[in-house]
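As the structure is a prediction and not an experimental result, all values here were calculated from the model. We use all heavy atoms of the structure for the numbers below, so side chains are in, but hydrogens, waters and symmetry mates are not. Letters A, B, ... are given to chains in the order of the sequence lines, protein chains preceding strands, and every chain is numbered from 1.
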Amino acid sequence: MANDKYETHEYDVIVIGAGGAGLRAAIEASAAGVKTALICKSLLGKAHTVMAEGGIAAALRNVYQEDNWKVHFRDTMRGGKMLNNWRMAQLHAQEAPDRVLELEEWGALFDRTKDGRILQRDFGGHRYARLAHVGDRTGLEMIRTLQQHAVHKGIDVYMECNIQRLLKDGDRVCGAFGYWRESGKFVTFKSKAIVLATGGVGKAWKFTSNSWEYTGDGTTLAADVGADLIDMEMIQFHPTGMVWPNSVRGILVTEGVRGDGGTLRNSEGERFMFNYITDYFRAETAETEEEADAWYEDKTNNRRTPDLLPRDEVARAINAEVKAGRGSPHGGVLLDIASRRSAEYIARRLPSMHHQFKELADVDITKEPMEVGPTCHYIMGGVRVEADTAATTVPGLYAAGEVAAGLHGANRLGGNSLSDLLVFGRRAGLYAAQYAQNLEGHPSPDADQIEQYAQELLAPFNNDGGENPYTVHMALQDCMQNLVGIIRTESELKKAQTEIASLKERLAKVTVEGHRQYNPGWNLALDLQSLLTTAEATTMGALERKESRGGHTREDHPGPDPDKYGKINLVLRRKDGELSLSEEPLPEMPDDLKELFEESK
Amino acid sequence: METTFKVYRFDPENGSKPDFATYQVDLPDSATVMDGLRQIRDEQDPSLAFRASCERGSCGDCALRINKKGRLGCTLKIAKTVKNGVVTVEPIRNIPVLKDLVYDLESFLWKKIKSVQPWITPRGPEPDGEYVVAEEQLAEVRKAMSCIMCGLCDEGCAVIKIDKDFVGPAALTKAYRAVFDPRDGQHDERLTLVSEPGGVWDCTHCFEANGHCPLGLEPTDRLFEVRDEAIRQGIRSGTQNPKVQRHYDSFLNSVKRSGWLDEGRLAIESEGLTNVAGLAKLLPTVIRAIPKGKAPMPYFHPKRPGAQAIRRIIDKAQRSEV
Ligand SMILES: Cc1cc2nc3c(=O)[nH]c(=O)nc-3n(C[C@H](O)[C@H](O)[C@H](O)COP(=O)(O)OP(=O)(O)OC[C@H]3O[C@@H](n4cnc5c(N)ncnc54)[C@H](O)[C@@H]3O)c2cc1C
Ligand code: SF4
Ligand code: FES
């Protein structure tokens, strides 16, 4: 082996990302007996997964006997407006219960019913109460458990290591190249297989529930080595983010507030969601306030409250109320649980919401309503994967969690992400390990290639264009917020394309000062590349899909187009450096599953 | 609101000493300290390094020393901490600083957490469905469940400041969680582990940790509960920590004899009567204490009124123990 210029490590499998998906993948790969490393750009335990609040969806059947994987599968597909990969939705619904129980085996402890069983909470779009949870801090419990299990199993963890390029040997991947945030020095990981588990891209929008880490890195890394992306136009705007004070605008207010009895009202005090029940969900939704309220106690004889329609429906409704002038003082609507549940109940069920509003907004949610409005939350689209193996279209490269696409179709149901992380994290780890075991020889990246990447990453220090990376980032956030938001239209999307093209030019002129050690300006300059790539992909998809479906609403094409767009995924692929778009038919669902949608329409 | 931020700056690469830099920020009254830092970084000095992830108090990434107190920067409003128009921001104490407000958590926190092995090993065969856990049992565990590993309890800890080997309240809160998990099959081993030197017995009861935890988990109380549980299980010391057992026995014997705590005797007996080196270590303290009239004369301890009654209580308690 030639001498490596940069610090180099060699593994069978590297997992990039240490949220729920990455941790679960690393645990599985390591258990399969291959040499595994876990790499993350923040510290262990600070990934997005730690922020998850409401719960993890699984048809456990311990409280509702009527529930089973088929019902969960059907809810997921209908919530995703049938754009989902049916096989992923099936595997997810079937395996989620085992993954939840396994988490308890490893030390997690969910809230309990009176007789000591796992308590489940109601969430939007789920027919039965199905979310195992720990108050409103479910993600914390999940990440703590997985992290301690991984540490216990002795998996090598590399923290604050930012991966910037994947390395290839012929058509397969053979490693990754990045830098340490602490020293700014470069590092190479040689690896037979790679699992991407880097999460989403919410930081391209101005009002978002996502953290600084969500810059679309995995999506871009995958696209850059030739992997397919699908459904990139499908962005979830969560209906309830904080809207005030301005500095915290976008921070999430869990759907658990509505699951536990909270209701949405406009400035006139009206429970407006009753006016927004679409035909698609009419048969299963309550029509009167009495029925909606009774449903919390008796699910057999009542239909669910429209407050818990899937997120895309609720977000659009709030948007419309505000536009019609019935919004709250700071441009949202009111979310009221104070008048509907006791203070003790609220504090016990929603401790972190209680704390969050008190600390950040001086609002006591046991006494007053919250002001809420939509916030960019989740990307359904991402790297295309094979349902069973989580393999991308590039040999050796796997993807799981928010970075992967298919399971959630056009809209994700709450709680289905945490279960996604475990089900497909495990599968990705397992199949990556198998792939590595079957591969002869050592991974051998090309030294010249690495050197070229190193020079590219240092470019911002050598530029004299004088652009500030933060200014470029803010311009992108304004562009996406205003032009590629909840409601889209052709002229605005085209404007966004022009804007993104000019931002790319500005990015080439971004200049950073100082040196490489823990230099946030430089770090952002590099993340901007993936932010812009992902923003470009989303805008391209949004322009092409001339219909409204789930997380993609076109003012100029208000209804769904079942005959054309209801049958295809939009696929993006890099060709000669540029992203190009094509249409591909959705995988065909077998007849026995199709029946599930016919009988109970 | 116009505020002056005095921010700790340190850049090991350029060889200069740590220093405070001053910035003016103008933010609405609702802004947090983190908003202030972000404004400085985004608009004035892009090289300012700090950590923050969730920005709403749920990940513990932004623990800082703000106006001389350990706080989460993302939930602390400037208006609530500002003094005479100034907010001072430093890294937390007792920790190697990497750059500016970024510090090395591996040596400070994680090594310690790993050392208490806070993962459970369920006892018995795996159940068919889920474990059945009663609300009372869950209530115990819940007291430590929402720990976000911010390290602020360690930041405030009076012992860590002088003894880097003390595993500290953060790690022991993790240990608590495992100790009180009703499914765990390693109860005694775990209690023995945290009773080793550096463990629960090294706490000096200053209660600082309680005041510092942003989630109100009262880490000092959790530590005491672990210790009480160890005593209940008859585990008075770790395998390498006989001092604790001696301390415990001496304490008891002293109170039983005179109704008072004989501190001189306690010090000697804890070290061990045959432990010459240990006893020698006590000398400087004794010598310093004598002129101040604070050196108690060991074994010459007058009985307090009611000593008889105290003795009877202890006897009774000891009888009911067996
Ligand atoms: C506030 C909030 C509440 C939520 N509540 C729920 C809920 O109740 N139920 C539910 O099901 N879902 C919920 N979600 C969604 C869910 O939490 C996320 O979708 C999920 O946690 C994503 O997990 P992940 O493993 O894919 O990625 P993450 O947990 O985000 O982890 C990504 C990892 O990748 C690393 N990484 C990224 N880029 C790089 C790079 N270039 N180099 C190295 N490492 C990199 C990061 O450091 C991190 O470790 C919530 C989301 C938010 C924001
Ligand atoms: S116990 Fe409290 S202060 Fe200590 S690490 Fe946990 S959350 Fe932070
Ligand atoms: S950034 Fe997560 S607690 Fe402050």
S.K.: For A:A361, is it the side chain, the backbone, both or neither that has a heavy atom under 4.5 Å from a heavy atom of chain B?
M.R.: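 For A:A361, backbone heavy atoms alone lie under 4.5 Å from chain B.
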S.K.: What part of B:T75 gets within 4.5 angstrom of chain A, counting heavy atoms only: side chain, backbone, both, or neither?
M.R.: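 It is both, since atoms from each part get that close.
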S.K.: With a 4.5 angstrom heavy-atom cut-off, which part of A:L140 approaches chain B: side chain, backbone, both or neither?
M.R.: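 Contact with chain B involves the side chain of A:L140 alone.
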S.K.: Would you mind checking which part of A:I251 comes under 4.5 Å of any heavy atom in chain B, side chain (CB onward), backbone (N, CA, C, O), both or neither?
M.R.: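 A:I251 touches chain B through side-chain heavy atoms alone.
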S.K.: Look at the aromatic rings of A:H377 and A:H238 and report parallel, tilted or perpendicular, splitting at 30° and 60°.
M.R.: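 A:H377 vs A:H238 ring planes: perpendicular.
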S.K.: Is a salt bridge present between B:R183 and B:E130, judged by a nitrogen-to-oxygen distance below 4.0 Å?
M.R.: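 Answer for the salt bridge query: no.
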S.K.: Could you walk me through whether A:W212 and A:L524 satisfy the side-chain contact (heavy atoms from CB on, under 4.5 Å) test, starting with their C-alpha distance in whole Å, then the side-chain angles of each, then the deciding distance to 0.1 Å, before giving a yes or no?
M.R.: CA-CA 9 Å; A:W212 69 273; A:L524 177 64; over 6 Å; no
S.K.: Please state whether the side chain, the backbone, both or neither of B:E13 comes within less than 4.5 Å of a heavy atom of chain A.
M.R.: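 For B:E13, heavy atoms of backbone and side chain both lie under 4.5 Å from chain A.
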S.K.: So which of A:E182, A:E513, A:Q148, A:M159 has the biggest tally of heavy-atom pairs under 4.5 Å with chain B?
M.R.: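 Highest number of heavy-atom pairs under 4.5 Å: A:Q148.
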S.K.: By a 4.5 Å heavy-atom criterion (distance strictly below it), what part of A:L360 contacts chain B: side chain, backbone, both, or neither?
M.R.: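 Both parts, backbone and side chain.
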S.K.: Heavy-atom distance under 4.5 Å to chain A: side chain of B:D35, backbone, both or neither?
M.R.: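 For B:D35, the side chain is the part near chain A, not the backbone.
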S.K.: Using a 3.5 Å distance criterion without hydrogens, assess whether the side chain of B:D100 forms a donor-acceptor pair with backbone atoms of B:F10.
M.R.: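 Judged by distance alone, yes, a pair lies under 3.5 Å.
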S.K.: Taking side chain as everything from C-beta outward and backbone as N, CA, C, O, which of these in A:H515 sits under 4.5 Å from a heavy atom of chain B? Side chain, backbone, both or neither.
M.R.: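 The side chain, not the backbone.
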S.K.: Between A:H48, A:R137, A:H473, A:M474, which has the largest tally of heavy atom pairs under 4.5 Å with chain B?
M.R.: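 Answer, by heavy-atom pair count under 4.5 Å with chain B: A:R137.
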S.K.: Side chains of A:H133 and A:T138: donor-acceptor distance under 3.5 Å anywhere?
M.R.: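 A:T138 and A:H133 do not have a side-chain donor-acceptor pair below 3.5 Å.
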S.K.: If I measure from the heavy atoms of chain B, does A:E213 come under 4.5 Å with its side chain, its backbone, both, or neither?
M.R.: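 Interface part for A:E213: side chain.
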S.K.: Is it the side chain or the backbone of A:M242 that comes within 4.5 Å of chain B heavy atoms, both, or neither?
M.R.: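 Contact with chain B is absent: no heavy atom of A:M242 under 4.5 Å.
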S.K.: For B:P118, is it the side chain, the backbone, both or neither that has a heavy atom under 4.5 Å from a heavy atom of chain A?
M.R.: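 Both parts, backbone and side chain.
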S.K.: Given that the side chain runs from C-beta out, which part of B:D61 has a heavy atom under 4.5 Å from chain A: side chain, backbone, both or neither?
M.R.: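 When you check distances to chain A, atoms from both the backbone and side chain of B:D61 fall under 4.5 Å.
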S.K.: Would A:Y518 and B:D11 count as having a side-chain donor-acceptor pair, cut-off 3.5 Å?
M.R.: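 No donor-acceptor contact under 3.5 Å links the two side chains.
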S.K.: I'd like to know if the side chain of B:R190 pairs up with that of B:T121 as donor and acceptor (distance under 3.5 Å, no hydrogens or angles considered).
M.R.: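 The answer is no; no qualifying pair exists.
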S.K.: What part of A:H355 gets closer than 4.5 Å to chain B, counting heavy atoms only: side chain, backbone, both or neither?
M.R.: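 The answer is the side chain of A:H355.
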S.K.: Look at A:E141 together with B:R177 and state whether they make a salt bridge at an N to O cut-off of under 4.0 Å.
M.R.: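 Result for this pair is yes, salt bridge flagged.
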S.K.: At their closest point, which heavy atom of A:V100 faces which heavy atom of A:A132, and how far apart are they?
M.R.: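 In terms of heavy atoms, the two residues are closest at CG1-CB, 4.4 Å.
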S.K.: Flag the pair B:E155 and B:R65 as a salt bridge only when some basic side-chain nitrogen lies within less than 4.0 angstrom of an acidic carboxylate oxygen.
M.R.: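 Looking at B:R65 together with B:E155, the answer is yes, because their closest N to O distance falls below 4.0 Å.
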S.K.: Which bit of B:A178 is near chain A, if near means a heavy-atom gap under 4.5 Å: side chain, backbone, both or neither?
M.R.: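 The answer is neither part of B:A178.
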S.K.: Which atoms of B:R38 come close to chain A, meaning under 4.5 Å heavy atom to heavy atom: side chain ones, backbone ones, both, or neither?
M.R.: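 Contact with chain A involves no heavy atom of B:R38 at all.
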S.K.: I need the residue from A:G514, A:P520, A:G521 with the largest number of non-hydrogen atom pairs under 4.5 Å to chain B.
M.R.: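 That would be A:P520.
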S.K.: Using the six-membered ring wherever Trp is involved, compare the ring planes of B:Y176 and B:F180 and label them parallel, tilted or perpendicular (cut-offs 30° and 60°).
M.R.: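 Rings of B:Y176 and B:F180: tilted, as their planes differ by 30° to 60°.
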S.K.: Applying the side-chain contact (heavy atoms from CB on, under 4.5 Å) criterion to B:L64, which one of B:V89, B:L152, B:L76, B:L72 satisfies it?
M.R.: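 Answer to the side-chain contact (heavy atoms from CB on, under 4.5 Å) test with B:L64 among B:V89, B:L152, B:L76, B:L72: B:V89.
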S.K.: Between A:R181 and A:E160, is there a salt bridge with N-O shorter than 4.0 Å?
M.R.: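 Salt bridge between A:E160 and A:R181, a charged N being under 4.0 Å from a carboxylate O: yes.
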S.K.: Hey, which of B:D45, B:L105, B:L98 has the most heavy atom pairs under 4.5 Å with chain A?
M.R.: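 Between B:D45, B:L105, B:L98, the count favours B:L98.
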S.K.: Taking every non-hydrogen pair under 4.5 Å, which of A:V248, A:T471, A:L43 racks up the most with chain B?
M.R.: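 Maximum pair count with chain B is reached by A:L43.
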S.K.: At a 4.5 Å cut-off on heavy atoms, which part of B:E43 comes close to chain A: side chain, backbone, both, or neither?
M.R.: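 When you check distances to chain A, no heavy atom of B:E43 falls under 4.5 Å.
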S.K.: Counting only non-hydrogen atoms closer than 4.5 Å, does B:L27 touch chain A with its backbone (N, CA, C, O), its side chain (CB onward), both, or neither?
M.R.: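 Answer is neither: B:L27 stays 4.5 Å or more from chain A.
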S.K.: Is there a side chain to side chain donor-acceptor pair (under 3.5 Å) between A:E467 and A:T511 once you walk through the steps?
M.R.: CA-CA 6 Å; A:E467 279 281 0; A:T511 310; over 6 Å; no
S.K.: If you count heavy-atom pairs within less than 4.5 Å of chain B, which of A:V512, A:T145, A:I143, A:N62 leads?
M.R.: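 Of A:V512, A:T145, A:I143, A:N62, A:N62 has the most heavy-atom pairs under 4.5 Å with chain B.
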S.K.: Answer yes or no for B:R51 and B:Y103: cation-pi contact, defined as NZ/CZ to six-membered ring centre under 6.0 Å and angle to ring axis within 45°.
M.R.: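 So B:R51 does make the cation-pi contact.
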S.K.: Of the backbone (N, CA, C, O) and the side chain (C-beta and beyond), which part of A:L252 lies under 4.5 Å from a heavy atom of chain B, both, or neither?
M.R.: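 Both parts, backbone and side chain.
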S.K.: Output the option from B:S30, B:S53, B:A49 having the highest count of non-hydrogen pairs under 4.5 Å with chain A.
M.R.: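 Most heavy-atom pairs within the cutoff with chain A belong to B:S53.
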S.K.: Which atoms of B:R41 come close to chain A, meaning under 4.5 Å heavy atom to heavy atom: side chain ones, backbone ones, both, or neither?
M.R.: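 Both backbone and side chain of B:R41 come within 4.5 Å of chain A.
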S.K.: Against chain A, work out which of B:A31, B:P127, B:P28, B:A52 has the most heavy-atom pairs shorter than 4.5 Å and name it.
M.R.: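 Winner by heavy-atom pair count: B:A52.
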S.K.: At a heavy-atom separation under 4.5 Å, does A:E105 approach chain B through its side chain, its backbone, both, or neither?
M.R.: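 Both backbone and side chain.
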S.K.: Side chain, backbone, both or neither: which part of A:V134 has an atom under 4.5 Å from a heavy atom of chain B?
M.R.: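 When you check distances to chain B, only side chain atoms of A:V134 fall under 4.5 Å.
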S.K.: State plainly whether the residues B:D29 and B:K77 are in salt-bridge range, i.e. N to O under 4.0 Å.
M.R.: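 Judged by the 4.0 Å cut-off on N to carboxylate O distance, B:D29 and B:K77 do not form a salt bridge.
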S.K.: Between B:D154 and B:N94, does any side-chain donor sit less than 3.5 Å from a side-chain acceptor?
M.R.: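 Side chains of B:D154 and B:N94: no pair found under 3.5 Å.
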S.K.: Mind telling me whether B:F20 and B:Y8 have parallel, tilted or perpendicular rings, with 30° and 60° as the class edges?
M.R.: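 If you compare the ring of B:Y8 with that of B:F20, the planes turn out perpendicular.
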S.K.: What part of B:L48 is in contact with chain A, defined as an atom under 4.5 angstrom from a non-hydrogen atom: side chain, backbone, both or neither?
M.R.: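 The backbone, not the side chain.
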S.K.: If you count heavy-atom pairs within less than 4.5 Å of chain B, which of A:Q356, A:R144, A:H149 leads?
M.R.: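 Top option by heavy-atom pairs under 4.5 Å: A:R144.
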S.K.: Is it the backbone or the side chain of A:N210 that comes under 4.5 Å from a heavy atom of chain B, or both, or neither?
M.R.: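 Answer is neither: A:N210 stays 4.5 Å or more from chain B.
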S.K.: Against chain A, label B:V141 side chain, backbone, both or neither, depending on which of its atoms sit under 4.5 Å from a heavy atom there.
M.R.: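 Looking at B:V141, just its side chain touches chain A.
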S.K.: Please look at A:R117 and chain B and tell me whether the side chain, the backbone, both or neither of the residue comes under 4.5 angstrom of a heavy atom of that chain.
M.R.: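 When you check distances to chain B, atoms from both the backbone and side chain of A:R117 fall under 4.5 Å.
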S.K.: Measure from the side-chain N and O atoms of A:R112 to the backbone N and O of A:L119, and report whether any donor-acceptor pair falls under 3.5 Å.
M.R.: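 Judged by distance alone, no pair lies under 3.5 Å.
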S.K.: Tell me, for A:Q147 versus chain B, whether the close heavy atoms (under 4.5 Å) come from the side chain, the backbone, both or neither.
M.R.: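 Contact with chain B: side chain only.
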S.K.: Looking only at the side chains, is there a donor atom on one of B:T81 and B:N67 sitting less than 3.5 Å from an acceptor on the other?
M.R.: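 Yes, because at least one side-chain N or O of B:T81 sits under 3.5 Å from a partner of the opposite role on B:N67.
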